[in-house]
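Structure first, commentary second.
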Amino acid sequence: MTKAFHIVAQNIKTGGGKELLIYLLDYLSEHHYNLKVIAYLDGSLSDIKNEKETKNIKILLFNSISSKVKVHLKKIDNALYFGNIPPLRRANNTVLYFHNPYLLLSIGNLFKSPPIIFCKYLLQQIYIKIFIRNISVVACQSSMVKGDFRDRYNFSSVELLPFFRLCNFENDILGKKYDLCYVSLAHPHKNHNLLFDALEILANKRISVSIAVTIENDKLELINRLEFINKNYQNIIEIDNFGVISKEKVCDLYSKSKCLIFPSKKETFGLGLIEAVYMGLDIIASDLEYVYQVVEPSLVFDPNSAISCANTIEKYLSNHEKYHSKGLVNNEISTLINKFIKE
């Protein structure tokens, strides 16, 4: 008989990690409703506890650092550590799900980041190197990350197990409101400023563009810049910001857009690429390896050049009907869960 399946996800709070966590709990509730599941989550995720806790799924919330450390000190068999960080004690049948690009950066590249980012991820990298052998298997989302993790941490037991939830919305070809959309939180590597630079270049060429973004309301510098562009380039550039939105609203936004633009400089997966391409959207993305791992994009550009980005958008808008994209990865959530289920 299968023991309880544990999900240790105290580092997950927002963004793609939260979306995957919700999908994981929904999948377990639907397909393995007799399996006892215990999930350890950050205290900010009380919404998930209220919505996803069932008779078989127990959700425990932790607010303090000390309480989170205590969980990592426990010997927990049959556990998925969903948040990049291995436990302090070795246990049986444990999987670390790895999905943070900063934890693969060299010290030299990490040093180019802001001091708080440098210190945070340098310490986490040191921690992973010390404790990674407390884990049975590391699961990741792309073959590029699989190879990089092996090299960075000298750990060979790494498996490719991407998973993702697709939209159920129908893609209305005729009901498109936006030329482009960029569904992403505004972390520095997501490259929103370059995108805005490109939009201003297009505006000065009198090329009209409508785009939807999902920038958090507390990112005041980007919000102010967005408002500046809308005000100074009225009837040319239209940027609608929806802030942090639910999965359902994300899918609705895809259904209203012709193309996903994805200028991010680094990803371990690029969840938005997968979501959008399987909704039938075209993809304009950074000319970087992580993109080609998951999709065949319609067009690519240099993520360090606003001119390259602007020229690529212009090329797409001039004849968007000729461009198409294709998804390249399969959903392996059942394979991942089967690692914890024993008859």
Side-chain angles (χ1 to χ4, degrees), residues 1-13 16-43 45 48-49 51-62 66-100 103 124 127-141 145-146 149-150 153 155-165 268-269 330-343:
M1 182 177 178
T2 302
K3 297 180 179 178
F5 169 37
H6 302 263
I7 303 172
V8 184
Q10 301 151 305
N11 293 331
I12 301 298
K13 296 180 181 179
K18 183 179 179 181
E19 158 58 23
L20 291 177
L21 176 61
I22 292 171
Y23 173 45
L24 180 62
L25 293 171
D26 285 344
Y27 183 89
L28 289 166
S29 178
E30 180 179 354
H31 297 279
H32 298 283
Y33 44 82
N34 290 322
L35 178 65
K36 182 180 179 182
V37 178
I38 302 174
Y40 308 82
L41 308 185
D42 184 81
L45 300 183
I48 293 182
K49 178 178 175 66
E51 295 172 10
K52 306 301 179 184
E53 194 167 54
T54 66
K55 179 180 178 181
N56 297 97
I57 298 178
K58 178 69 175 177
I59 296 177
L60 306 175
L61 300 179
F62 297 84
S66 61
S67 64
K68 294 179 180 181
V69 171
K70 286 179 180 178
V71 173
H72 278 263
L73 279 167
K74 293 175 63 177
K75 183 178 183 294
I76 305 177
D77 294 330
N78 220 40
L80 173 64
Y81 285 85
F82 189 68
N84 307 297
I85 301 299
L88 288 158
R89 295 183 62 188
R90 183 171 179 81
N92 297 316
N93 195 31
T94 53
V95 175
L96 175 69
Y97 206 85
F98 183 85
H99 49 89
N100 190 320
L103 295 174
Q124 288 190 16
Y127 175 93
I128 293 172
K129 288 183 178 181
I130 295 172
F131 294 106
I132 190 58
R133 282 161 183 79
N134 290 340
I135 288 291
S136 306
V137 175
V138 171
C140 61
Q141 297 161 308
V145 172
K146 179 179 178 180
F149 191 94
R150 284 177 167 178
Y153 296 105
F155 188 77
S156 61
S157 184
V158 185
E159 297 185 15
L160 186 59
L161 293 169
F163 72 93
F164 45 88
R165 173 166 49 185
T268 57
F269 190 47
N330 297 317
N331 189 348
E332 300 291 348
I333 191 168
S334 61
T335 306
L336 176 66
I337 298 303
N338 285 339
K339 288 185 172 293
F340 303 97
I341 299 175
K342 295 179 174 59
E343 297 298 331

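Note: hydrogens, waters and symmetry copies are ignored here, and every other heavy atom, side chains too, is used. Computed from a predicted model, the values in this text were never measured in an experiment.
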Residue pair F164 / F269: nearest heavy atoms and the distance that separates them: CD2-CZ, 3.8 Å

Parallel, tilted or perpendicular: ring planes of Y97 versus H99, cut at 30 and 60 degrees: tilted

V37 side chain reached by I59 side chain, heavy atoms, under 4.5 Å: no

For I76 against V71, the heavy-atom pair lying closest together: CD1-O, 3.9 Å

Any Y153 side-chain heavy atom under 4.5 Å of V158 side chain: no

Salt bridge (charged side-chain N to carboxylate O under 4.0 Å, His left out) pairs, two or more places apart, involving residues 66-84: D42-K68, K75-D77

Distance, nearest 0.5 Å, that separates CG of L21 from CZ of F82: 6.0 Å

Heavy-atom closest pair, residues I12 and G83: CD1-CA, 4.3 Å

Which residues share a side chain to side chain contact (heavy atoms under 4.5 Å, CB included) with T335, sequence neighbours left out: L161, E332

side-chain hydrogen bond (donor to acceptor under 3.5 Å, both in side chains) against E51, all qualifying residues, sequence neighbours excluded: none

Heavy atoms from other residues, nucleotides or ligands near NZ of K13 exceed 12 (cutoff 6.0 Å): no

D26 and K52, any side-chain heavy atoms less than 4.5 Å apart: yes

N331 (side chain) donor-acceptor with F163 (main chain) under 3.5 angstrom: no

Approximate separation, where rounding is to 0.5 Å, of N56 CG and L35 CG: 8.0 Å

E159: partners by salt bridge (charged side-chain N to carboxylate O under 4.0 Å, His left out), with sequence neighbours left out: K339

Beyond-backbone contact of I22 with R165, side-chain heavy atoms, under 4.5 angstrom: yes

Between CD on residue Q10 and CG on residue L60, distance to nearest 0.5 Å: 9.5 Å

Side-chain donor or acceptor of K146 paired with backbone N/O of L160 under 3.5 Å: no

For the student: nearest non-hydrogen atoms of A4 and I38, plus distance: CB-CD1, 4.4 Å

Gap separating the CG atom of L61 from the CD1 atom of I48, nearest 0.5 angstrom: 9.0 Å

Residues L20, L24; criterion side chain to side chain contact (heavy atoms under 4.5 Å, CB included); working and verdict: CA-CA 6 Å; L20 291 177; L24 180 62; over 6 Å; no

Pairing residues for N11 by the side chain to side chain contact (heavy atoms under 4.5 Å, CB included) criterion, not counting sequence neighbours: I85

Residue pair Y81, H72: steps toward the ring-ring contact (aromatic ring centres under 6.0 Å, His included) verdict: CA-CA 9 Å; Y81 285 85; H72 278 263; 5.6 Å; yes

F149 ring center within less than 6.0 Å of F98 ring center: yes

Shortest non-hydrogen separation from A9 to L41 and the atoms involved: CB-CD2, 3.8 Å

Cut-off 3.5 Å, no hydrogens considered: what does the side-chain donor-acceptor table look like for residues 127-141, sequence neighbours left out?
from	atom 1	to	atom 2	distance (Å)
Y127	OH	P86	O	2.7
R133	NH2	N154	O	2.4
N134	ND2	P87	O	2.9
N134	ND2	L88	O	3.3
S136	OG	T94	N	3.2
S136	OG	T94	OG1	3.4
Q141	OE1	T268	OG1	3.2

Spatial distance of atom OH (Y40) from atom CG (L45) [nearest 0.5 Å]: 16.0 Å

Spatial distance of atom CG (N100) from atom CG (N84) [nearest 0.5 Å]: 5.0 Å

